[in-house]
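The next block holds one structure in the form of C-alpha cells; read it before the comments.
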Amino acid sequence: MITKDKIKDLHYSVNGKIAADDLQKMADEVLTEHGKTIKMAGFRPGHVPLSVLRQKYNVSAYGEAIDKALNQDLDAYVKDKKIRLAGAPKTDLSGWEMGKDVEYSMEFDILPTLPEIDLEKITVTKKVAKLDEKEVTTALENIRKARSTAEKQDEKYKAKDGDVAVIDFKGFMDGVAFEGGEAKKHHLILGSGSFIPGFEDQIIGHKTGDEFDVNVKFPKEYHAKNLAGKDAKFEVKVHEVRKHILPELNDELAKQVGQESVEKLKEHIRTIISGQYDEAAQRDMRNELLDILADKVKMNLPETLVEQEYNMAKQEHDAQHEHCEHKDGKCKDCKWDEKQERKDAERRVKLGLILAEWGTQNKVDVTRDDLQQAIWAEASRYPDPKQIFEFYNKNQNAVAMLRGMLFERKSLDAMLTHVKQKEKSVPADELFKQASVR
C-alpha cells in the first residue's frame, strides 16, 4: 500500500510497500493459474505441484505479482484521492531482493480540473459572404472541361495553352544525353505545369511535324541532384496537336452529372458552394474560439503531456528535414525554436484537455456514422480509396486517433452553439484565406 506522498501542483511522488508474504501469495496465485496449462515431464497437465512450479517459474511469477500489486495500490490511491492520471507512472524498485518486502516509489502527473468556462460571455465573428455567380460559371466550365474530347488538328494548327501535344523529346546536358530525359509520343497537356518550368511554353505555337530545341534550366530543388540547377537542351518533335472540344452546356450534359436540367445543375452547384462558404466560416469561428480559450482559460498543465507533445513535434520536424540541403550546409527552414515550440506544445495540450473535458461533461459522442463519413471523406481524396479503407480496417490505433480528432471537432462545434456570434460581411475569397483549424 502507498504510505507517503508528496504533491506539487499536478506532480505526485509517492512511496509504498508490499509485504513479502502478500507478494508470495500473489505469485503463488499466478503460478497456480499458469499451472493449469503448463506441460512438464512426469506430470499430468494441470497437476504440476506448486513447489515444482516455484522452482522453475517463481522469478517470472514474482514479476507479474509485483505489477499486479503496484496497479492495485495505485488504483486504490487514485480512487481515494479522486484524481486521474495523465500518463503511466515512473516506478522505482531499486534495492529489492527476493523474499523481502518490496519498497517502491512512483512519480506521475495527474489531469487538471477544468475551470468553469462561461461560453455565453464569449463572442466570435461569423463571416458571411454573398455567393459569387462567377464561381457557378467556373464550376460549369470545369464540368464541361472534364467531359471534353481531345480532337486531332490539321498540320496548320498551332498549339495553344490547354491543348495536348503528342511529342518525342530527348534531353542533353553539355551535349551528352542524360538518363530519364527521353520519351516517345508523350501526351503533354500544355499549361499543366507537369514539365520543367519553361518547357511547355516553348511548345506553344508549334505545329504537327515541327522539330526544334527547347532550352530550360532545372529548378534548384529538383529531385535528381545531378540535374538540379543545371541548363539543359531538349530535342523535340511534334507528332500531333489535339484541341479540347467542350460539350455544349445543355440539359443533356446536366443529366450526365445527375441533374434534370441546366437550371437544376446550377441550383446544385450553388448549394455546394454555399456549403463551402458555411464550412469556411465555421472553420474561422473554430480558430477564433480556440485562440480565446488558449488565452483566457488558466490551468496548470501536466508536464508529462507537454513533454510528449514537444518530443513528437521535434521527431516529426527532424524526420521532415533529415535530408534537407542548402548552399551553406543547412536549410534555413530546419531551425528549431525550442522556446516557441514548447509554447506551442503547451497550447496544444491545454486545448486538447479543454475540449476533452468539456466534451465529456457535455456528453459529446462520436458515432459510427461519424467515423464512416470521415473515412469516406479521406478516401475520396486518393486515387485508390480501397487502400484507405483497408488501412483503417487493419489499424485500430489510426481509428482511435481519428475518433479523437472527431471528438475534439464535435466538442468545439458544440461549444460554438453556446457563444455569441456577430456577423461580418466579407468578400467570398476572404473566407478561404485562413488555414484549417489549429
Side-chain angles (χ1 to χ4, degrees), residues 132-250 252-254 256-257 262 265-266 269 273 276 325 327 381-383 427-429 432-433:
D132 190 345
E133 283 296 322
K134 290 181 180 178
E135 292 195 51
V136 178
T137 300
T138 299
L140 291 170
E141 285 303 298
N142 288 337
I143 291 173
R144 294 178 67 202
K145 288 178 182 178
R147 283 157 179 76
S148 65
T149 54
E151 295 185 0
K152 182 178 178 180
Q153 303 298 299
D154 61 34
E155 295 181 355
K156 296 180 180 179
Y157 180 83
K158 295 182 179 180
K160 298 177 182 178
D161 187 31
D163 290 344
V164 176
V166 182
I167 60 172
D168 293 345
F169 63 85
K170 186 173 185 178
F172 296 85
M173 190 171 293
D174 296 326
V176 179
F178 56 84
E179 186 177 356
E182 182 177 7
K184 299 289 187 181
K185 293 189 175 180
H186 178 83
H187 289 60
L188 176 61
I189 301 176
L190 303 180
S192 64
S194 58
F195 266 38
I196 308 161
F199 188 102
E200 295 169 24
D201 293 340
Q202 296 179 57
I203 305 295
I204 293 174
H206 283 282
K207 307 184 299 297
T208 298
D210 284 358
E211 296 185 36
F212 53 95
D213 293 340
V214 168
N215 295 291
V216 295
K217 178 186 285 288
F218 281 91
K220 292 182 179 180
E221 301 80 16
Y222 196 68
H223 60 86
K225 295 180 180 179
N226 63 312
L227 301 177
K230 303 289 183 62
D231 292 320
K233 181 188 75 172
F234 285 85
E235 294 178 351
V236 177
K237 179 179 180 180
V238 179
H239 285 283
E240 60 183 75
V241 178
R242 300 179 181 181
K243 181 180 179 180
H244 283 285
I245 306 300
L246 274 59
E248 288 187 27
L249 179 59
N250 52 29
E252 182 61 34
L253 177 62
Q256 291 178 21
V257 294
V262 172
L265 177 57
K266 289 180 180 179
I269 292 171
I273 295 175
Q276 292 171 345
E325 292 186 1
K327 62 181 180 181
R381 297 188 290 110
Y382 290 83
D429 58 358
F432 301 95
K433 289 181 180 178

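The basis for the numbers below is simple: all heavy atoms, side chains too, and nothing from hydrogens, waters or symmetry mates. All of these numbers come straight from a predicted model, not from anything done at the bench.
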Restricting to non-hydrogen atoms, name the atom on [X] and the atom on [Y] that form the minimum distance, rounded to 0.1 Å.
X    : Y    : answer
K145 : S148 : O-OG, 2.7 Å
S194 : L188 : OG-CD1, 3.5 Å
G191 : D161 : CA-OD1, 3.2 Å
D163 : H244 : OD1-N, 4.3 Å
A228 : K220 : CB-O, 3.4 Å
S192 : E200 : N-OE1, 3.0 Å

[X] [atom1] to [Y] [atom2] distance, which is reported to the nearest 0.5 Å:
X    : Y    : atom1 : atom2 : answer
T137 : D132 : OG1   : CG    : 8.5 Å
T138 : E133 : OG1   : CD    : 11.0 Å
I167 : D210 : CD1   : CG    : 12.0 Å
L253 : I143 : CG    : CD1   : 7.0 Å
L249 : R144 : CG    : CZ    : 6.5 Å
E211 : H206 : CD    : NE2   : 11.5 Å

For [Y], does its backbone N or O pair with a side-chain atom of [X] as donor and acceptor, under 3.5 Å?
X    : Y    : value
E155 : T208 : no
D231 : K217 : no
Q202 : N215 : yes
E182 : G180 : no

(request) Taking the six-membered ring for Trp and the single ring otherwise, decide whether the centroids of F234 and F195 are under 6.0 Å apart. (result) no
(message) Does the Lys NZ or Arg CZ of K230 fall within the cation-pi geometry relative to F218 - under 6.0 Å from the ring centre and within 45° of the axis?
(response) no
(request) Tell me, with the steps shown, if V241 and K207 meet side chain to side chain contact (heavy atoms under 4.5 Å, CB included). (result) CA-CA 7 Å; V241 178; K207 307 184 299 297; 6.0 Å; no
